[in-house]
Amino acid sequence: MNLEKSLQAIIAKAIETLYGQAVSTDLIQISKTKKEFEGHLTLVVFPLLKISRQSPEQTAQSIGEYLQTHTSEVARFNVIKGFLNLVIAPSVWLTEFNSIHANENFGFTTATEQSPLVMIEYSSPNTNKPLHLGHIRNNLLGFSLSRILQANGNKIVKTNIVNDRGIHICKSMLAWQKWGEGITPQSSGKKGDHLVGDFYVLFDKHYKAEIAELIAKGETEDSAKKNAPLILEAQEMLRKWEAGDAETVSLWQTMNGWVYDGFDATYKAMGVDFDKIYYESDTYLLGKEVVLDGLQKGIVYQREDGSVWADLTANGLDEKLLLRGDGTSVYMTQDIGTAKLRFDHYPIDKMVYVVGNEQNYHFQVLSILLDRFGFEFGKGLVHFSYGMVELPEGKMKSREGTVVDADDLMAEMINTARETSNELGKLDNLSADEIASISRIVGLGALKYFILKVDPRKNMTFNPKESIDFNGNTGPFIQYTYARICSVLRKANESGIAIGSQASVALGISGKEEALIQLLAEFEAVVKQAGNEYSPSVIANYVYDLVKEYNQFYHDFSILKEEDSEMRAFRLMLSQNVARTVKKGMWLLGIDVPERM
RNA sequence: GGUCCGGUAGCUCAGCUGGAUAGAGCAACAGCCUUCUAAGCUGUGGGUCCCAGGUUCGAAUCCUGGUCGGAUCACCA
């Protein structure tokens, strides 16, 4: 906040005058005054005692008196222990407010030609299963992060790397050939990704049965897993795919097509999108070239069996396999290839990977390897690492059928939103289209906010019951406040009541209004902080604070019935700016706000 | 075992570049709808900030050690 900075300079000057000694600004600690005390900003004087050579109270008193008499910004002050609470003059708040009001874009920085280009990778699904709750956290974080970085003046490319090849895809394909030939999404009425996921599960079921059979015949578990006929067939299918066998490739294309249609529907429902999608089938061979090149240059080494390794012991890590004995790629190799391809396509200044914290080690290694292979961006890559989503009963386990499906969950949230709205009579007199739109906005808002308000680094518990609660610190509470402001502004408009365009300094405003302006002014700093820390939760918690403060204000005053027309215009103007900031904050989270609900 | 991350109210979470009496929401209880949307507002109760040391005028916050929980250390992705 600008006010804090200028106050810092003013105080520095005051101290120099009072004690004849210059101070560095980091000794001048200014924070927001706690609610139970009078004042807006508080100076902590303890660090200044060495200079003042007085008691904390005396020091605070002297500085306070100086500020009150020599500056126009400070109207009053009070001293409690070593804390100097400053009451900022109303005129300062009104000036601040007018400048925020005049700048529609307040808090956001628009990218220019020279702005850094940030590529952000998120989602990154496998094409053998539908998206689940874990993907939801990933997608929401990635999308919100892209908007936060955009608002901080970066050029953004959102990207997705689809893991469309490998043994897991072959399992689904094989199961379909064996037990589902002829079944399509159209014929079964199932979403493509769910249909393919079902065949993956079916494969697993039969595979497990074969293993059990082999163990019963006396084989060890390890050998049974390796020698079950189904897994051998799947491996054979992978070999055929890699060899370019026409029939296999064709089936692969068909089934992946089904899955992409399904994913597209899910992404669209979730409200996320991508600028560029990469497929591992296009990049997995590229990494091999980079690694072989590195082998010639002596960056990596080859073992007797032909496998290629990187020695990372100098970095305090282990040795890492990059190419198998048969020359094929592993996960790490693919990521190297994908990185190369991306940097060939775009002049990327910074690469951000939104990937779960179970892959912290992988990205630590990737950063070192990219750097060694001569890619400048390697050192600076950001692994945006987030925690797992757990259920109240514990982790999601596909074996136990506790995986929460993304499509189901979103549908359920929207349904509950509709039912709850209906019970409250919110949907009376609305068209079917409006009902559908509001239910969708509120249901998804609840889900998104519930997930985004939590610090990304932490594991979180997803309680379906609580997420559907629309009271308290929730998305719908914020949306509700927004809708109510819209309603007030609508009514003002209908009855020809003027909304202010410039707050007059002659107004006698109260602490409630000052508190709101102070919060509005913080938005700029909050957006910056969210960008620095890569954290949507900073935005979420800020918007909640703002809305909570506004609700108290809303209940204290009957805005439309205010008789003083100037005050009424000012309060409407303030409401308008709160709505604008809420909307911007929610936009950064990727959450829509309804104009009525 | 090595490395990384976490432990704050009954529950879900803020606060963590050191600052005042540690905050919200949920749940419980008590009030507020002839007044702009009660999905709201007001109040009450609820704490060994995992433990122990250290640094400091001052520690939930920083450091060290311990403890509990999670992740990871694959010729899986």
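Numbered from 1 within each chain, the chains take letters A, B, ... in sequence-line order.
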Asks: Identify whether any heavy atom of Glu390(A) sits under 4.0 Å from a base atom; if not, whether one sits that close to sugar-phosphate; answer base, sugar-phosphate or nothing.
Replies: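 Answer is nothing: Glu390(A) stays at 4.0 Å or more from every strand.
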
Asks: Across all strands, who's sitting opposite U72(B) as a Watson-Crick or G-U wobble pair, both distances under 3.5 Å?
Replies: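 Paired with G2(B).
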
Asks: Would you mind telling me which residue lines up with the more 5' stretch of RNA chain B, Val330(A) or Asp469(A), judged by nearest nucleotide?
Replies: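 Here Asp469(A) is the residue nearer the 5' end.
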
Asks: Taking N or O atoms only and anything under 3.5 Å, show me the protein contacts with nucleotides 31-35 of chain B, one pair per line.
Replies:
{"unit_1": "U35(B)", "atom_1": "O2'", "unit_2": "Lys561(A)", "atom_2": "NZ", "d": "2.3"}

Asks: When the ring centroid of Phe477(A) is compared with that of Tyr449(A), is the distance short of 6.0 Å?
Replies: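 Between Phe477(A) and Tyr449(A), the centre distance exceeds or equals 6.0 Å.
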
Asks: Counting only heavy atoms not in Glu563(A), do more than 12 fall under 6.0 Å of its CD?
Replies: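 No, because the 6.0 Å sphere around CD of Glu563(A) holds 12 heavy atoms or fewer from other groups.
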
Asks: Quote, to the nearest angstrom, the C1' distance that separates C62(B) from C76(B).
Replies: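 Nearest-Å result for C62(B) against C76(B) at atom C1': 40 Å.
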
Asks: Compare all side-chain heavy atoms of Leu391(A) with those of Leu133(A) and state whether any distance is below 4.5 angstrom.
Replies: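 Touching, per the 4.5 Å side-chain cut-off.
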
Asks: Nearest whole Å is fine: how far is A14(B) C1' from Leu452(A) CG?
Replies: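 Taking atom C1' of A14(B) as the reference, CG of Leu452(A) is at 15 Å.
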
Asks: With stacking defined as ring centroids separated by under 5.5 Å and planes differing by under 30°, is Tyr544(A) stacked against A24(B)?
Replies: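 Check failed, Tyr544(A) does not stack on base of A24(B).
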
Asks: Which side-chain hydrogen bond (donor to acceptor under 3.5 Å, both in side chains) pairs, counting each pair once, include a residue from residues 308-318 of chain A, with sequence neighbours left out?
Replies: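 For residues 308-318 of chain A: Ser307(A)-Trp309(A), Asp311(A)-Thr313(A), Asn315(A)-Arg372(A).
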
Asks: Apply side-chain hydrogen bond (donor to acceptor under 3.5 Å, both in side chains) to Tyr386(A) and list each qualifying residue two or more places apart in sequence or on a separate chain.
Replies: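 So Tyr386(A) forms a side-chain hydrogen bond (donor to acceptor under 3.5 Å, both in side chains) with Asn138(A).
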
Asks: Looking only at atom C1', what distance separates A38(B) and G19(B), rounded to whole Å?
Replies: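 Going atom to atom, C1' in each nucleotide, I get 39 Å.
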
Asks: Using a 4.0 Å heavy-atom cut-off, write out nucleotides 3-11 of chain B from 5' to 3' as B (base contacted by protein), S (sugar-phosphate only) or - (no contact).
Replies: ---SS---S

Asks: Which donor-acceptor pairs under 3.5 Å do side chains of residues 39-50 of chain A form with protein atoms, sequence neighbours excluded?
Replies:
{"unit_1": "His40(A)", "atom_1": "ND1", "unit_2": "Ile88(A)", "atom_2": "N", "d": "2.9"}
{"unit_1": "His40(A)", "atom_1": "NE2", "unit_2": "Trp93(A)", "atom_2": "NE1", "d": "3.3"}
{"unit_1": "His40(A)", "atom_1": "NE2", "unit_2": "Glu514(A)", "atom_2": "OE1", "d": "2.9"}
{"unit_1": "Thr42(A)", "atom_1": "OG1", "unit_2": "Thr33(A)", "atom_2": "OG1", "d": "2.7"}
{"unit_1": "Thr42(A)", "atom_1": "OG1", "unit_2": "Asn85(A)", "atom_2": "OD1", "d": "2.7"}

Asks: Considering all heavy atoms of both residues, which atom of Ala228(A) and which atom of Ile211(A) are nearest to each other, and what is their separation?
Replies: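 Taking every non-hydrogen atom into account, CB-CG1, 4.4 Å.
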
Asks: So Ser421(A), base contact, sugar-phosphate only, or nothing? Heavy-atom distance under 4.0 Å.
Replies: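 Base: the residue Ser421(A), judged by heavy atoms under 4.0 Å, touches a nucleobase.
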
Asks: Report yes if some heavy atom in the side chain of Val355(A) is under 4.5 Å from a heavy atom in the side chain of Asn360(A); otherwise report no.
Replies: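 They are not in contact (no side-chain heavy atoms under 4.5 Å apart), so the answer is no.
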
Asks: Using atom C1' of each nucleotide, how far apart are U67(B) and A28(B) to the nearest Å?
Replies: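 To the nearest whole Å, 33 Å.
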
Asks: Are Phe553(A) and Tyr550(A) an aromatic pair by the rule of ring centers under 6.0 Å?
Replies: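 Close enough - the centres of the two rings lie under 6.0 Å apart.
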
Asks: Any N or O donor-acceptor pair linking the side chain of Asn85(A) to the base of A20(B) at under 3.5 Å?
Replies: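 Side chain to base: pair found, below 3.5 Å.
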
Asks: When you compare U56(B) with C13(B), how far apart are their P atoms, in angstrom units rounded to a whole number?
Replies: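 Roughly 37 Å separates the two P atoms.
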
Asks: Between Lys426(A) and Met597(A), is there a side-chain heavy-atom distance shorter than 4.5 Å?
Replies: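 Heavy-atom side-chain distance check fails, nothing below 4.5 Å.
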
Asks: Give one of base, sugar-phosphate or nothing for Val44(A), where a contact means two heavy atoms less than 4.0 Å apart.
Replies: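 The residue Val44(A) makes base contact.
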
Asks: Give every donor-acceptor pair under 3.5 Å between a side-chain atom in residues 436-448 of chain A and any protein atom, sequence neighbours left out.
Replies:
{"unit_1": "Ser439(A)", "atom_1": "OG", "unit_2": "Ile435(A)", "atom_2": "O", "d": "2.7"}
{"unit_1": "Arg440(A)", "atom_1": "NH2", "unit_2": "Asp592(A)", "atom_2": "OD2", "d": "3.4"}
{"unit_1": "Lys448(A)", "atom_1": "NZ", "unit_2": "Met270(A)", "atom_2": "O", "d": "2.8"}
{"unit_1": "Lys448(A)", "atom_1": "NZ", "unit_2": "Gly590(A)", "atom_2": "O", "d": "2.8"}

Asks: Let's see if you get this right: which residues in residues 482-495 of chain A place a heavy atom under 4.0 Å from RNA chain B?
Replies: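 Ala483(A), Arg484(A), Ser487(A), Val488(A), Lys491(A), in order of number.
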
Asks: If we take the C1' atom in both C51(B) and C68(B), what is their distance in whole Å?
Replies: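 Between the two C1' atoms, the distance is 11 Å.
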
Asks: Can you measure Gln235(A) atom CD to A77(B) atom P for me and round it to whole angstrom units?
Replies: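 The distance from CD of Gln235(A) to P of A77(B) comes to 12 Å, rounded to the nearest Å.
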
Asks: Should A22(B) form a Watson-Crick or G-U wobble pair with both distances under 3.5 Å, which nucleotide is its partner?
Replies: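 Per the H-bond distance test, none.
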
Asks: Which pairs would a plain distance check flag for residues 450-458 of chain A, meaning a side-chain donor or acceptor within less than 3.5 Å of a matching protein atom at least two apart in sequence or in another chain?
Replies:
{"unit_1": "Lys453(A)", "atom_1": "NZ", "unit_2": "Asn473(A)", "atom_2": "O", "d": "3.1"}
{"unit_1": "Asp455(A)", "atom_1": "OD1", "unit_2": "Arg457(A)", "atom_2": "N", "d": "3.0"}
{"unit_1": "Asp455(A)", "atom_1": "OD1", "unit_2": "Arg457(A)", "atom_2": "NE", "d": "3.3"}
{"unit_1": "Asp455(A)", "atom_1": "OD2", "unit_2": "Arg457(A)", "atom_2": "NH2", "d": "2.8"}

Asks: Could you tell me whether the phosphate oxygens of G25(B), OP1 or OP2, come under 4.0 Å of any side-chain nitrogen or oxygen in Lys548(A)?
Replies: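 Yes, within the criterion.
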
Asks: What is the distance from CG of Leu427(A) to C1' of A39(B), rounded to the nearest Å?
Replies: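 It is 12 Å, rounded to the nearest whole Å.
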
Asks: Considering only atom P, compute the distance from C29(B) to U37(B) and round it to an integer number of Å.
Replies: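 The answer is 30 Å between these two P atoms.
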
Asks: Over all strands shown, is Asp556(A) touching base, sugar-phosphate only, or nothing at heavy-atom distances under 4.0 angstrom?
Replies: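 No contact at all - Asp556(A) keeps every heavy atom at 4.0 Å or more from the nucleic acid.
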
Asks: Please identify each residue that fulfils side-chain hydrogen bond (donor to acceptor under 3.5 Å, both in side chains) with Arg568(A), with sequence neighbours left out.
Replies: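 Residues passing side-chain hydrogen bond (donor to acceptor under 3.5 Å, both in side chains) with Arg568(A): none at all.
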
Asks: Base, sugar-phosphate, or nothing for Phe83(A), non-hydrogen atoms under 4.0 angstrom?
Replies: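 The answer is base, as Phe83(A) lies within the cut-off (heavy atoms under 4.0 Å) of a base atom.
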
Asks: Taking any heavy-atom pair under 4.0 Å as a contact, classify Met460(A): base, sugar-phosphate, or nothing.
Replies: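 It contacts sugar-phosphate atoms only.
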
Asks: By side-chain hydrogen bond (donor to acceptor under 3.5 Å, both in side chains), which residues pair with Thr481(A), not counting sequence neighbours?
Replies: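 Thr481(A) satisfies side-chain hydrogen bond (donor to acceptor under 3.5 Å, both in side chains) with Asn551(A) only.
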
Asks: Should we say atom CD of Glu221(A) is surrounded by more than 12 heavy atoms from elsewhere, each under 6.0 Å from it?
Replies: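 At most 12 heavy atoms, drawn from other residues, nucleotides or ligands, come within 6.0 Å of this atom.
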
Asks: Please report the distance, rounded to the nearest Å, between CZ in Phe553(A) and P in U42(B).
Replies: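 Distance check: Phe553(A) CZ to U42(B) P gives 14 Å.
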
Asks: For the P atoms, the ones on G69(B) and on C32(B), what distance do you get once it is rounded to whole angstrom?
Replies: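 Pairwise P distance, G69(B) against C32(B), rounds to 49 Å.
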
Asks: How would you label the glycosidic angle of C33(B): syn (within 90° of 0) or anti?
Replies: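 Here the answer is syn: the torsion falls within 90° of 0.
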
Asks: Scan Ser537(A) against the nucleic acid and name what it touches under 4.0 Å (heavy atoms): base, sugar-phosphate only, or nothing.
Replies: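 Answer is nothing: Ser537(A) stays at 4.0 Å or more from every strand.
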
Asks: Using a heavy-atom cut-off of 4.0 Å across all strands, would you classify Thr461(A) as base, sugar-phosphate, or nothing?
Replies: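 Sugar-phosphate: the residue Thr461(A), judged by heavy atoms under 4.0 Å, touches backbone atoms but no base.
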
Asks: Does Gly325(A) reach a base, just sugar-phosphate, or nothing at all? Heavy atoms under 4.0 Å.
Replies: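 If one applies the 4.0 Å heavy-atom cut-off, Gly325(A) turns out to touch a base.
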
Asks: What interatomic distance, in whole Å, is found between P of G18(B) and the corresponding atom of G10(B)?
Replies: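 Per the computed distance, 29 Å lies between those P atoms.
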
Asks: Pick base, sugar-phosphate or nothing for Lys426(A), based on heavy-atom distances below 4.0 Å to the nucleic acid.
Replies: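 Result for Lys426(A) = base.
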
Asks: With sequence neighbours excluded, what pairs up with Tyr542(A) under the side-chain hydrogen bond (donor to acceptor under 3.5 Å, both in side chains) test?
Replies: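 Expected list: none.
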
Asks: Any side-chain N or O of Gln552(A) below 4.0 angstrom from OP1/OP2 of U42(B)?
Replies: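 True: Gln552(A) side-chain N/O within range (under 4.0 Å) of U42(B) OP1/OP2.
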
Asks: Considering every strand and a 4.0 Å limit on heavy-atom distances, what is the contact class for Asn315(A): base, sugar-phosphate, or nothing?
Replies: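 Nothing: the residue Asn315(A), judged by heavy atoms under 4.0 Å, touches no strand.
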
Asks: Which pairs, protein N/O on one side and nucleotides 55-64 of chain B N/O on the other, fall under 3.5 Å?
Replies:
none

Asks: Would you find more than 12 non-hydrogen atoms of other residues, nucleotides or ligands less than 6.0 Å from Lys583(A) atom NZ?
Replies: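 Not buried by this count: 12 neighbours or fewer within 6.0 Å.
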
Asks: Ignoring backbone atoms, test whether Tyr480(A) places a side-chain nitrogen or oxygen under 4.0 Å from the OP1 or OP2 oxygen of A39(B).
Replies: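 Answer yes for this pair, as a side-chain N or O of Tyr480(A) is under 4.0 Å from OP1 or OP2.
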
